Structure formats: C-alpha cells, structure tokens
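So the structure is just underneath, and the comments pick up after that.
It should be emphasised that the depicted structure is a prediction, and the values quoted were computed from it without experimental measurement. Computed over heavy atoms, backbone and side chain alike; hydrogens, waters and symmetry mates excluded.
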Amino acid sequence: MSGRVNAASPLSRFFRHLSLQVVFVAAALVSGSVAVSAQNAQAFNLSRANAGTLGVISGGADGTYIRIAADLANVLDGEDLRVLPMIGRGSLQNLRDIMFLRGVDIGIVQMDAREQLKAENLQNDAVRRLRFITRLYNEEVHIIADREITDIRQLDGKKVNIDKAGSGTNLTSRLIFDKLGIKPDMTTFDQASSYAKLKSGEIQAAVYVAGRPVRAIAEFQTDGRFHLLSIPFEGEIAESYFPARLANADYPQLVDKDKPVETLAVGSLLAVFNWPENSDRYNRVKRFVDAFFSRFDEFLQPGRHPKWKEVNLAADVPGWERVKPAQDWLDRAAAASKPSPEGKSFESFMKSRGIDVSAEQREVLFREFLAWQNDRQRSARRVTRQD
C-alpha cells in the first residue's frame, strides 16, 4: 500500500478544508486590523485637520480682498491653524454669509456695509452677531470712463456699471451718486464683464471700489480711449468718506503722469461672527487672532499686498465692537509696553545725566542698573533683620 494520501480521500479533503479556513481567518484578522487602523487614522486626521480651520470670505478673483485673504493663508497656515480663503460677492453679501453661512467665520467688508442691512430688518441681528477684529485699509473708488467724459456729472443719464447687487461697489456707488445728485442709468454686470462692455460702448463708465492698485484695472488695455474720473470731496460726501488720490504709478494707462486723480475712499475691516466664549469656533477665532496679531510684521514684508502698510491693529471702528480675543490681545500688548517703575527710574537717571548711548549699550547699562538696585534692596533687608 502506498504511503501517499489519496487526493480524493476524506483525510485529504479535511486538511484542505482546514487550510482554507486558516487562510480565511488570517485574512479576516489582517483586513480587520487594517480597517481599524485606517478608521483610527482617518478619525485622527479629520479631527486635527478641522481643529484649526477657519473660512475667510473675501471678494472677486480680480480684487484686493482675495489677495488680502491669500496673504492671510500664506503667512498663518501651519500645523495648528489653516485659513481657507473664499471668493465672495461683496461686502453686503459677506456680512450675510458671516451671520448665516456655515463654514464662514471671518470676512473682509467695507465699514459702511452694515448700515445697509436696515433695509432687510437685519440691523439688530448684525449688532448682536457681528464683531470686528481690526480695521484694515481704505478702499479707493475707481470710475473708468471714456476720455470724452471729463466730469463725473456728465455721467447723469449715461449707462454706468456698479457691479452686482450685494457688492460693496454697488452699495457705495449708489450712496455717492445720491449724495452728488447724479442719476446715471445704472447696470449691474460683474466686474469682469464690465471691461468688455466698456470697450464695446455698451456702457460709458464702470465703478469699482477696491484697494489700489487693483491688478485687473492696471492691466486693462485701454488703447488710450479711457481714463479714471475724479470725484469731488464736498458736501455730504465728506461726512462718510475720505479723500484719496490715484497716481500714474498705480495705473499708467489710465492716469496721466502730471495729473493725479482725486477720488474718495471708504474704510474696510476684518469682521467676525460673535461666537459664544469658549466654544469650539470661538477658540478657533482666538487662535487666528493670536497668530495674526503676533506675526503682523510678516505682512509688511516684500511680496505681500502694499495695503497692509496702512493697517493699524489698534484703530477703533465707530459703531462696531471689537471681538474679545482681539481686545484681550491689545490690552496685554499695551500693558507690556508700559515702562516698569525701574525702567522709569533708569530713564530719569540717564536723562538727568545727559547720557546718550546706543540701544545695545542702553540695554547693558539697564541690566547693570537692575543688578545694582537688587544688591541695594538685599543689603537693606539684611540691615532690617539685624535690627
């Protein structure tokens, strides 16, 4: 009898069945472990990825807002904070989005935009739900017109594009024309379309409110046909806006070298939803504020938008309340900048002696002054104990 087991024997079939079971169990264990590990990794990554993420609503692809939002992301993005810039539809819509749209925490808006929510009965909601982080920069009013139009009052009755409804440009254009008593035939094409319609003659002028220089306006191929119009700073205009100037260096094709264009500007700010204190979203905003304020010098470096140089982090905004993390940071910075009693004594001594040294030497002398003062205090305490 052969020592081999017949392939068709019951014993052979048993061993083959047993082997298959072992393989299936092993495979199940391995796949289960991989699945559990994948789930744990996914949960960890999702949690970490979302913990410090904030959405910042800005403006159109050609405007200043989106470049400012991109700077925020480029400077502040890191392991604990991620800024997601979003293309928005203008200041008024940005305010609505901050109040009601999920995923939007912060937005760039014009200072006069919140007043326009009265018409929608949202003014009380806005005061309750909105705060500001910092005042940003002034946005200049640009009016591109045919060179045959030399005065803004000549736009009366002519087709003038003021951007889409809800945009800051639309809002400010209506207010300015109303205050000046000018009644153009206003159209609401998007900004990109307005350039083509200017060239075709469908409209005679286009208004754009944005921080100079605006790339799309600077790159607008005019063929010498168009220029930027001046806006008078007079009457009720002076109560709501600031005087500004557009130079040839800003827009070589639209402003003559020896004739800068006098215009108006409106302030902008970084608005934020008023999240409940110590909530998850509140803590994200706090993390953003601490990083933004602490690293603000990085926004002044070459390569960033020149408008950052106009920003004053501590400037107040009439009618707006600053969000608590921002006010707390400014209060701490102000307290830290106040000279200590020792510092005041040292400065008085240096001034009384007429000592004028470099900053480095002054720091060395101040440390020696503190050491000398500490020695005196220790000696006085020893004498007191002996007595």
Applying ring pair (Phe, Tyr, Trp, His ring centres under 6.0 Å), name anything that partners [X], two or more places apart in sequence or on another chain.
| X | answer |
| --- | --- |
| Phe132 | none |
| Phe293 | Trp329 |
| Tyr282 | none |

* Quick one: do Val109 and Leu171 end up in the same hydrophobic cluster if we chain Ile, Leu, Val, Met, Phe, Trp and Tyr together by side-chain heavy atoms under 4.5 Å apart? ->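 Shared cluster, no.
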* Reference residue Val209; test side-chain contact (heavy atoms from CB on, under 4.5 Å); the match among Val214, Thr172, Ile176 ->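 Output: one option passes, namely Thr172.
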* CD on Glu262 to CD1 on Ile231, rounded to 0.5 Å ->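 Here the rounded value is 11.0 Å.
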* Asked: Other hydrophobic cluster members with Phe242, side-chain heavy atoms of Ile/Leu/Val/Met/Phe/Trp/Tyr under 4.5 Å, chained?
  ->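 Other cluster members: none.
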* **With Glu234 via side chain to side chain donor-acceptor pair (under 3.5 Å) - residues at least two apart** =>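 Counting only residues at least two positions away or on another chain, Glu234 forms a side chain to side chain donor-acceptor pair (under 3.5 Å) with Arg153.
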* Residue pairs fulfilling side chain to side chain donor-acceptor pair (under 3.5 Å) with at least one residue in residues 204-214, sequence neighbours excluded ->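 Listed by first then second residue: Arg212-Asp250.
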* Asked: Is the charged tip of Arg131 near the ring of Trp320: under 6.0 Å from the six-membered ring centre and within 45° of its axis?
  ->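 No.
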* Asked: Considering all heavy atoms of both residues, which atom of Arg135 and which atom of Asn138 are nearest to each other, and what is their separation?
  ->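 Scanning both residues completely, I find the closest heavy atoms to be NH2-OD1, 3.1 Å.
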* If you take all heavy atoms of Ile66 and Ala61, which pair is closest and at what distance? ->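 Shortest heavy-atom contact: CG2-O, 3.7 Å.
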Is [Y] paired with [X] through a side-chain N to carboxylate O contact shorter than 4.0 Å?
| X | Y | result |
| --- | --- | --- |
| Glu140 | Lys307 | yes |
| Lys324 | Asp328 | yes |
| Asp185 | Lys159 | yes |

* Asked: So with a 6.0 Å cut-off around CZ of Arg245, is the heavy-atom count from everything else above 12?
  ->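 Count not over threshold, so no.
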